[in-house]
Trainee: 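Take a look at this one; I'll ask things after.
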Amino acid sequence: MVRKFFVGGNWKMNGTKKEIDEIVAFLKAGPLDPNVEVVVGVPSIYLTYAKSILPSTIHVSAQNSYKVPKGAFTGEISPAMLLDNGIPYVILGHSERRNVFGENDELIAEKVAHALEAGLKVIACIGEKLEEREAGNTEAVVFRQTKAIADKIKSWDNVVLAYEPVWAIGTGKTATPQQAQEVHDKLRAWFSANVSPAVAESLQIIYGGSVTAGNAKELAKEKDIDGFLVGGASLKPDFVQIVNAKQ
Ligand code: PEP
């Protein structure tokens, strides 16, 4: 089966209306490979603004959502609210949510399950820290993070799994294509054994961690890398070249 190439831009807590206008301008100028699914992860206060000026072929994603539809949860937004505003995607489990805001596997899995039940598509992030890799625990960590989600969801149809080694995020230290491919391959084997061979075959597993216009083409050649989640470079015109890495 051919998995569609997927490139997400995670703007994190960056952007003003003026800067968003500039990003939208280079995205519109492209040209972007029409065979690639392109999604931008926008700070919540700018979601509807970005959506209103982006071409309809580029989807907008939130960077977080809570695990219930509404209630006394000051500062949170729910999947129902995102859908009410025409936002189809959410990024959940990003390493900054895990490591800066203390979100654990259980909470992330609950958020993923609720977002899917509500009707959102989810970019679910996993990845090991440097000390975990150095201790030889990469597989154990990413399998544990993935299992927590698998235990709570009924279907992987609307999930894109982002493998983002924490040591490569925002550090300029990219995993080599071989390092990334090795983990993606092991994840696919885990899905085959623990979920189903069909999900292992169809699930888009994307790589994130200091992807640039300079390294995207080599990473995109690996057979189990189905796209990217891009932080810093998604704010720059280089993002167009990353989207087009398969060309
Ligand atoms: C990210 O935020 O998911 C990310 C991978 O960031 P960067 O590309 O800046 O490493």
Side-chain angles (χ1 to χ4, degrees), residues 3-4 6-13 15 37-98 100-127 144-164 187 191 194-196 198-200 202-206 208 226-227 229 234:
R3 293 179 295 268
K4 194 166 185 182
F6 182 107
V7 179
N10 176 15
W11 296 355
K12 312 195 190 200
M13 197 176 73
E37 212 169 328
V38 182
V39 174
V40 286
V42 178
S44 53
I45 195 159
Y46 295 119
L47 284 165
T48 52
Y49 179 67
K51 182 180 160 63
S52 73
I53 57 172
L54 276 164
S56 60
T57 47
I58 299 177
H59 295 295
V60 176
S61 175
Q63 299 175 7
N64 190 20
S65 62
Y66 199 49
K67 63 177 180 176
V68 292
K70 63 179 182 175
F73 302 102
T74 303
E76 294 294 309
I77 55 171
S78 71
M81 291 169 175
L82 294 172
L83 287 162
D84 193 33
N85 282 283
I87 306 301
Y89 278 92
V90 65
I91 300 169
L92 291 171
H94 190 277
S95 76
E96 288 144 22
R97 298 302 319 172
R98 292 177 185 268
V100 180
F101 299 99
E103 294 188 8
N104 61 22
D105 290 346
E106 171 83 9
L107 175 60
I108 290 161
E110 287 170 346
K111 288 181 171 194
V112 173
H114 177 64
L116 292 172
E117 276 159 25
L120 284 176
K121 295 182 181 183
V122 174
I123 302 165
C125 307
I126 57 168
R144 188 201 74 221
Q145 293 168 331
T146 307
K147 182 176 185 304
I149 297 170
D151 286 348
K152 288 224 163 32
I153 70 173
K154 296 185 185 81
S155 163
W156 286 84
D157 283 354
N158 288 319
V159 181
V160 173
L161 188 67
Y163 167 59
E164 300 203 295
L187 282 165
F191 274 96
N194 295 282
V195 180
S196 73
V199 169
S202 62
L203 182 70
Q204 290 157 303
I205 307 181
I206 63 175
D226 304 317
L229 186 57
S234 70

Trainee: Using the test ring pair (Phe, Tyr, Trp, His ring centres under 6.0 Å), find all partners of W11 that sit at least two apart in sequence or belong to another chain.
Mentor: none

Trainee: Do the non-hydrogen side-chain atoms of E164 and L229 ever get within less than 4.5 Å of each other?
Mentor: yes

Trainee: Hey, could you give me the CH2/OG distance between W156 and S202, rounded to the nearest 0.5 Å?
Mentor: 11.0 Å

Trainee: Considering only heavy atoms from C-beta outward, does the side chain of F101 approach that of N64 to under 4.5 Å?
Mentor: no

Trainee: Where is the tightest heavy-atom contact between Q63 and M13, given as atom of each residue plus distance?
Mentor: OE1-N, 4.4 Å

Trainee: Can you tell me how far OG of S65 sits from CE of M81, rounded to the nearest 0.5 angstrom?
Mentor: 11.0 Å

Trainee: With sequence neighbours excluded, tell me which residues meet side chain to side chain donor-acceptor pair (under 3.5 Å) with D105.
Mentor: R98, R144

Trainee: Show me, pair by pair, the donor-acceptor contacts under 3.5 angstrom made by side chains of residues 66-76, not counting sequence neighbours?
Mentor:
from	atom 1	to	atom 2	distance (Å)
K67	NZ	E110	OE1	3.0

Trainee: Restricting to side-chain contact (heavy atoms from CB on, under 4.5 Å), what partner residues turn up for N104, sequence neighbours left out?
Mentor: E106, L107

Trainee: Check whether any side-chain heavy atom of I126 lies under 4.5 Å from a side-chain heavy atom of L187, and answer yes or no.
Mentor: yes

Trainee: Mind checking side chain to side chain donor-acceptor pair (under 3.5 Å) for K121 and listing every partner two or more places apart, or none if nothing turns up?
Mentor: none

Trainee: For K147, enumerate each residue passing the side chain to side chain donor-acceptor pair (under 3.5 Å) test, keeping only those at least two apart in sequence or located in another chain.
Mentor: D151

Trainee: Please give me the minimum heavy-atom distance between V159 and L203, naming the atom from each residue.
Mentor: O-CD1, 3.3 Å

Trainee: Does T48 have any side-chain contact (heavy atoms from CB on, under 4.5 Å) partners at least two apart in sequence or in another chain, and if so, which?
Mentor: N85

Trainee: Can you give each donor-acceptor pair under 3.5 Å made by side-chain atoms of residues 87-95, sequence neighbours left out, with the distance rounded to 0.1 Å?
Mentor:
from	atom 1	to	atom 2	distance (Å)
Y89	OH	E37	OE2	2.7
H94	ND1	E96	N	2.9
H94	NE2	N10	ND2	3.3

Trainee: With sequence neighbours left out, what residues match S44 under side-chain contact (heavy atoms from CB on, under 4.5 Å)?
Mentor: L47, I77

Trainee: Show me the pairs that pass salt bridge (charged side-chain N to carboxylate O under 4.0 Å, His left out) and involve residues 44-66, at least two apart or across chains.
Mentor: none

Trainee: Can you name the closest pair of heavy atoms from A113 and K152 and give their distance?
Mentor: CB-O, 3.5 Å

Trainee: Please check this pair: side chain of Q204 against backbone of R3, looking for a donor-acceptor N/O pair closer than 3.5 Å.
Mentor: no

Trainee: So, using ring pair (Phe, Tyr, Trp, His ring centres under 6.0 Å) as the criterion, who are the partners of Y46 when residues are at least two apart?
Mentor: none

Trainee: Applying side-chain contact (heavy atoms from CB on, under 4.5 Å), can you list everything that pairs with L83, at least two apart in sequence or on another chain?
Mentor: A118, L120

